[in-house]
2 protein chains.
Amino acid sequence: MALGKNYDGQDCSFAKTLEVLGERWTLLVIRDAMCGVRRFGDFQAHLDIPKAVLSQRLSALVEAGVLERRRYQDAPPRDEYVLTPMGRELWVPVLALAQWGERHLAANGHRRLYHHVTCGSLLEPYSICGTCGRSVPLEEVEVRPGPGLRDDARTDLVSLTLRSPHRMLAPIPDKMGETPEGRSHELGGNRVRGRAARAAR
Amino acid sequence: MALGKNYDGQDCSFAKTLEVLGERWTLLVIRDAMCGVRRFGDFQAHLDIPKAVLSQRLSALVEAGVLERRRYQDAPPRDEYVLTPMGRELWVPVLALAQWGERHLAANGHRRLYHHVTCGSLLEPYSICGTCGRSVPLEEVEVRPGPGLRDDARTDLVSLTLRSPHRMLAPIPDKMGETPEGRSHELGGNRVRGRAARAAR
DNA sequence: CATGTTAGTTCATTCACCGAACCGTGATAC
DNA sequence: GTATCACGGTTCGGTGAATGAACTAACATG
């Protein structure tokens, strides 16, 4: 619980919302899920979050109906976590928070640009497409790297994938384009290899 | 800090946003400020938050530029906390989160309804007025109690004020309409008297 | 001068987060 | 077949933040 249980008389749904979304890491998990992150290891490498916390957050979000846990492989049992329709509706507040941050906290220019995938236009506030004038749902959005992303040293699979334009909700691929070596410096985590073998069969 | 300091390589402003807004209680403080709560005691009584935490959150929000601390009385030095323009821009994400919660988490119907004050229409997502079609800024919004608020037992000044329609950002009044007595049951906090004396001079 | 009000701070306890280590299951290497 | 590795967790001890109660400061009231 994000705010103690004594909420019997609390008067607005905002508090209830924060009970579901307000804990540390939770909104970042949701944002990653919107970008197509589905697997435990990808969340973990990209967010650099303790596994125990990630596990608890994923379970809580499944419990709350924001994520759905889905078996995608039985051999070693593996699940992935995907947004439910209820979770996808969080696009509005998530984008609004992101755009607020871009306006007021991004010193080096925007880091992520959100485009309407059908016409390519940049999204304006409220997820409104500058060309169509319509409000664009998450399914029609593409993230592109912005100028503020220049010096991004992260080497995890999600960060690498998002260095190119990426359709929201489209799964992060199993591997990247075979960067042969010279990547094992940094702080030990963030390895990219591995899934290639299983995926190749 | 909401998420540890190791954010050198973090890739989206969303994380930075959550460093400012993501801590426990912070968004509730902002939401209260949008409703016109300005004084330490009113925040404290309405949110039922430990004073130490409230003090820390208010200072952090002032530091971040979301709130402005403003002396309103010198006799005993007293400050009030009001939203800056940057803080007022948080209306869009705050409303979006509130509306998401109302849709998905409010079992007994909506608790708060947000109306465009000039034409009276209910606000749609993105703070768009159903009648005008324009996006409505916080300054033109009125909160009204919704059907889900039926059994609201809270007796603090803010809750009492919000039982009637209230213009957003309009300060919570110093006192209510003299409910003579019969209010000192409950759990000890939440007293309403007191400010009448000073205000009357 | 005793009491009350408001906005804090201080302090001890409790709780959540953290990182490291460990575990279970299956795949791969030898 | 056995050793090793990858993945997705769980367990556990240490740390830091949240909590609630008590205390303080500055003034007002009676």
Side-chain angles (χ1 to χ4, degrees), chain A residues 1-6 19 22-26 28-29 37-45 47-60 62 69-81 156-157 174-175 187-201, chain B residues 1-6 19 22-26 28-29 37-45 47-60 62 69-81 156-157 174-175 187-201:
Chain A
M1 296 293 156
L3 293 162
K5 300 83 201 164
N6 49 345
E19 297 239 1
E23 277 172 312
R24 213 161 135 83
W25 296 110
T26 299
L28 286 174
V29 168
V37 179
R38 298 183 172 189
R39 297 185 185 180
F40 191 94
D42 288 337
F43 282 112
Q44 213 239 314
L47 295 175
D48 201 23
I49 177 181
K51 292 163 127 194
V53 178
L54 176 58
S55 181
Q56 194 276 325
R57 293 298 183 275
L58 289 172
S59 302
V62 169
R69 186 176 194 144
R70 177 193 295 168
R71 175 79 29 118
Y72 70 91
Q73 171 184 296
D74 283 307
R78 292 287 180 264
D79 298 323
E80 59 185 7
Y81 301 87
D156 61 275
L157 184 53
D174 261 11
K175 58 160 183 158
L187 0 81
N190 298 350
R191 293 206 271 153
V192 180
R193 310 157 302 135
R195 248 148 52 184
R198 187 181 61 253
R201 285 193 288 98
Chain B
M1 298 291 157
L3 293 162
K5 300 83 201 162
N6 49 345
E19 297 238 3
E23 278 173 312
R24 214 163 136 82
W25 296 110
T26 299
L28 286 174
V29 168
V37 179
R38 298 182 170 190
R39 297 187 185 177
F40 192 93
D42 288 336
F43 283 111
Q44 213 241 317
L47 295 175
D48 202 22
I49 177 181
K51 292 164 128 192
V53 179
L54 176 59
S55 181
Q56 194 276 325
R57 293 298 183 274
L58 289 172
S59 301
V62 169
R69 187 176 193 146
R70 176 194 296 168
R71 175 80 27 121
Y72 71 90
Q73 172 184 295
D74 281 307
R78 292 287 179 262
D79 297 323
E80 60 185 4
Y81 301 87
D156 62 275
L157 183 54
D174 263 8
K175 59 161 183 159
L187 0 82
N190 298 351
R191 294 207 272 154
V192 180
R193 309 157 300 132
R195 249 150 52 186
R198 188 182 61 252
R201 283 195 288 100

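Letters go in sequence order (proteins before strands), and every chain restarts at 1.
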Checklist line | B:Tyr81 side chain near C:dG8 phosphate (N/O to OP1/OP2, under 4.0 Å) | finding: yes
For nucleotides 21-27 of chain D, tabulate all protein N/O to nucleotide N/O atom pairs closer than 3.5 Å, reporting atom names and distance.
{"from": "D:dC27", "atom 1": "OP1", "to": "B:Ala75", "atom 2": "O", "distance (Å)": "3.4"}

Check: Considering only heavy atoms from C-beta outward, does the side chain of B:Phe43 approach that of B:Leu58 to under 4.5 Å?
Finding: yes
Note to self: Without decimals, in angstroms, what is the distance between A:Tyr72 OH and D:dC7 C1'?
What the structure shows: 8 Å
Checklist line | Whole-Å distance separating the CG atom of B:Asp42 from the P atom of C:dG8 | finding: 13 Å
Next item on the list: Can you tell me the distance, in whole Å, between the CZ atom of B:Arg39 and the P atom of C:dT6?
Entry: 9 Å
Notebook entry, point to check: Rounded to the nearest Å, what distance is computed from the CZ atom of residue A:Arg71 to the P atom of nucleotide D:dG8?
Noted result: 12 Å
Margin query: Working note: A:Lys51 + A:Phe40, criterion side-chain contact (heavy atoms from CB on, under 4.5 Å); need CA distance, chi angles, decisive distance, verdict.
Written below: CA-CA 9 Å; A:Lys51 292 163 127 194; A:Phe40 191 94; 4.1 Å; yes
Note to self: Could you tell me if the side chain of A:Glu80 sits less than 4.5 Å from the side chain of A:Arg71, heavy atoms only?
What the structure shows: no
Notebook entry, point to check: So do the side chains of B:Tyr81 and B:Arg70 get within less than 4.5 Å of each other, counting heavy atoms only?
Noted result: no
Checklist line | Nearest-angstrom distance from the residue atom CG of A:Asp48 to C1' of C:dG19 | finding: 11 Å
Checklist line | Residues forming a side chain to side chain contact (heavy atoms under 4.5 Å, CB included) with B:Val53, sequence neighbours excluded | finding: B:Trp25, B:Ile49, B:Pro50, B:Arg57
Next item on the list: Quick one: list whatever passes salt bridge (Lys or Arg N to Asp or Glu O under 4.0 Å) with A:Arg69, sequence neighbours left out.
Entry: A:Asp79
Margin query: Could you tell me how far apart B:Gln44 (CD) and C:dG8 (P) are, to the nearest whole angstrom?
Written below: 11 Å
Notebook entry, point to check: Under 4.0 Å between a side-chain N or O of B:Arg69 and OP1 or OP2 of C:dG8?
Noted result: yes
Notebook entry, point to check: Are any of A:Trp25's side-chain N or O atoms less than 4.0 Å away from OP1 or OP2 of C:dC18?
Noted result: yes
Check: How bent is the helix from C:dC1-D:dG30 to C:dC30-D:dG1, comparing axes over its five end pairs at each side, to the nearest 10°?
Finding: 0°
Notebook entry, point to check: Nearest to the side chain of B:Phe40 - D:dT19, C:dG8, C:dC18?
Noted result: C:dG8
Item checked: Spacing of B:Arg39 atom CZ and B:Gln44 atom CD [to the nearest 0.5 Å] -> 15.0 Å
Next item on the list: Measure the distance from CD1 on A:Ile49 to P on D:dT10 and round it to the nearest whole Å.
Entry: 13 Å
Item checked: Backbone of A:Pro76 reached by a side-chain donor or acceptor of A:Gln73 within 3.5 Å -> yes
Margin query: Please determine whether a side-chain nitrogen or oxygen atom of A:Ser55 lies at a distance below 4.0 Å from atom OP1 or OP2 of D:dG8.
Written below: no
Check: Roughly how many Å is it from CZ in A:Arg57 to C1' in D:dG8, rounded to a whole number?
Finding: 18 Å
Checklist line | A:Thr26 side chain to A:Gly22 backbone, donor-acceptor under 3.5 Å | finding: no
